[in-house]
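What follows is a single structure, written as structure tokens, with notes after it.
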Amino acid sequence: MVYLFTNFAININRFNKNFEWELIRLCTKTGIRVLGGSQKLWKHFVEEYKPKSVISYCDRSKFSGKIYGDLGFTLRSAGMPSRHWYSPE
């Protein structure tokens with residue numbers, strides 16, 4: 001299980017500058033479950049860095065976003081799931 005954060009004071013290229021931190025990735029290995037793992041990682045981050053504000057995003061075409069509510073996040077807005085296009089070049 002991995003959480004990846006960025007600090008806006010350090011990373012000036014991030015999209016939303018209204019928050020101190022951004023939770024960029026929340027990943028688990030397929031087929032692996034760690035009971036309470038998300039809550040434990042989140043608790044460690046909060047205790048270690050004492051963030052004033054954190055933002056994150058969820059691809060609703062693939063995930064429910066339920067974990068964010070479990071961690072105490074408040075939903076600010078929700079758009080419809082959309083398609084994503086990319087070029088391998």
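When side chains are defined from C-beta on, Leu23 does not count as touching Ile55, because their heavy atoms never get closer than 4.5 Å. Side-chain contact check for Tyr57 versus Glu22: some heavy-atom pair is nearer than 4.5 Å. Within the 4.5 Å cutoff, the side chain of Lys29 has no heavy atoms near those of the Val34 side chain.
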Yes or no on ring pair (Phe, Tyr, Trp, His ring centres under 6.0 Å) for Trp42 and Phe73, after CA distance, side-chain angles and deciding distance?
CA-CA 11 Å; Trp42 177 250; Phe73 279 68; 5.1 Å; yes
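Of the possible donor and acceptor atoms, none in the side chain of Ser53 sits under 3.5 Å from a partner among the backbone N and O of Phe19. Checked by atom type and distance alone, the side chain of Arg60 pairs as donor or acceptor with a backbone atom of Gly79 at under 3.5 Å.
Taking both residues in full, the closest heavy atoms of Ala78 and Leu75 are given as CB-CD2, 4.3 Å, listed atom of the first, atom of the second, then distance. Scanning all heavy atoms of the two residues, the minimum distance from Cys58 to Ser64 falls at SG-C, 4.3 Å.
Taking the salt bridge (Lys or Arg N to Asp or Glu O under 4.0 Å) definition, one finds that Lys66 meets it with Asp70, sequence neighbours left out. With sequence neighbours excluded, no residue forms a side-chain contact (heavy atoms from CB on, under 4.5 Å) with Thr30.
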List, one per line, each side-chain donor-acceptor pair under 3.5 Å for residues 44-51, sequence neighbours excluded.
residue : atom : partner : partner atom : Å
Lys50   : NZ   : Glu47   : O            : 2.7

